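Everything on this sheet refers to the single structure shown next.
Everything quoted here is computed from the prediction, not taken from an experiment. By convention in this document, chain letters (A, B, ...) are assigned in the order of the sequence lines, proteins followed by strands, and residues within each chain are numbered from 1.
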2 protein chains.
Amino acid sequence: MNKRTVMLFKALGCSWRLKILECLSKGTMCICELDDLFAIDKTTLSRHVKALVHTGLVKENRNGTRKELSIADRRVLEILELAKSITDVPSQELE
Amino acid sequence: MNKRTVMLFKALGCSWRLKILECLSKGTMCICELDDLFAIDKTTLSRHVKALVHTGLVKENRNGTRKELSIADRRVLEILELAKSITDVPSQELE
DNA sequence: AACTTATGTTGCATTGTTGTGCAACAATGA
DNA sequence: TCATTGTTGCACAACAATGCAACATAAGTT
């Protein structure tokens, strides 16, 4: 099994990073906009973004002092939708 | 974002567990068969299986002293295929 | 030019989580 | 009883997430 596939899933196994991807699914955003949205230290946010970029899920584009982020591969959104459809099982309690 | 979605991706972020799912995608197998196939301690294997069952990706069915395993939701296989199609990019080196 | 603001990153220490193997145990069936 | 199959408790190692302080970079101000 491909190591990069494992890396992809590791990158998706974090609620902050899923939140970031959900925001970006609606369009381009910069890190500072995400920072305003999330109750999270910007250091931590920066590192989560770095992880998403490193796995190739997110593209970044410098714009002045800002970094514009966008989804690099729309197929990731298909994965997210499938995953949500699997886990949205109200009748089945977990934990 | 749903906690169970995060759990699902965490469960997929491990090469042993992906290997197990790939084996099960071809049909039912018991843990001891997987144990013969993989160079891994049975303790560890048992725990990986437990994780897959706990997230609802794998079903188990006792059969004598054996536990027959099978994929609980075929949509997981769609996720795996999508993920592989994203990460199978020979031209793009990573690491 | 020097100063300031806005934005984002890195180094470090700390904490929390996950993976692992050994030994012991439990359950089933011959 | 014995073999087969699988699990659990424990300890340890490896990895990942976090926040603070300090730094870097770009652009605007004086």
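Side-chain contact annotation: A/Thr5 with B/Thr87, donor-acceptor N/O pair under 3.5 Å present.
A donor-acceptor contact shorter than 3.5 Å links the side chain of A/Thr55 to the backbone of A/Ala51.
Straight-line distance from the CG atom of B/Asn61 to the P atom of D/dT5: 17 Å, rounded to whole Å. Separating the NZ atom of A/Lys10 from the P atom of D/dA17 is a distance of 10 Å, rounded to the nearest angstrom. A/His54 places its NE2 atom 15 Å from the C1' atom of D/dA16, with the value rounded to the nearest Å. Spacing between atom CD1 of A/Ile20 and atom C1' of D/dA17 amounts to 13 Å, rounded to whole angstrom units. We find that CD1 of B/Ile40 is positioned 16 Å from C1' of D/dT5, with the value rounded to whole Å.
If A/Cys14 and A/Gly64 are placed on DNA chain D by their nearest nucleotide, the residue sitting closer to the 5' end is A/Cys14. Nearest-nucleotide positions on DNA chain D for A/His48 and A/Asn63 put A/His48 closer to the 5' end.
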In B/S/- notation (B base, S sugar-phosphate only, - none; protein heavy atoms under 4.0 Å), nucleotides 1-10 of chain C written 5' to 3' is -----BSBBB
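Applying the salt bridge (charged side-chain N to carboxylate O under 4.0 Å, His left out) criterion to B/Arg75, with sequence neighbours excluded, gives B/Asp73.
Of all heavy-atom pairs between A/Ala11 and A/Leu57, the closest is CB-CD1, 4.3 Å.
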- Derivation and outcome, salt bridge (Lys or Arg N to Asp or Glu O under 4.0 Å), residues A/Glu33 and A/Lys67: CA-CA 10 Å; A/Glu33 288 173 300; A/Lys67 264 190 182 169; over 6 Å; no
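Sorted by first then second residue, the ring pair (Phe, Tyr, Trp, His ring centres under 6.0 Å) pairs that include residues 25-44 of chain A, not counting sequence neighbours, are A/Trp16-A/Phe38.
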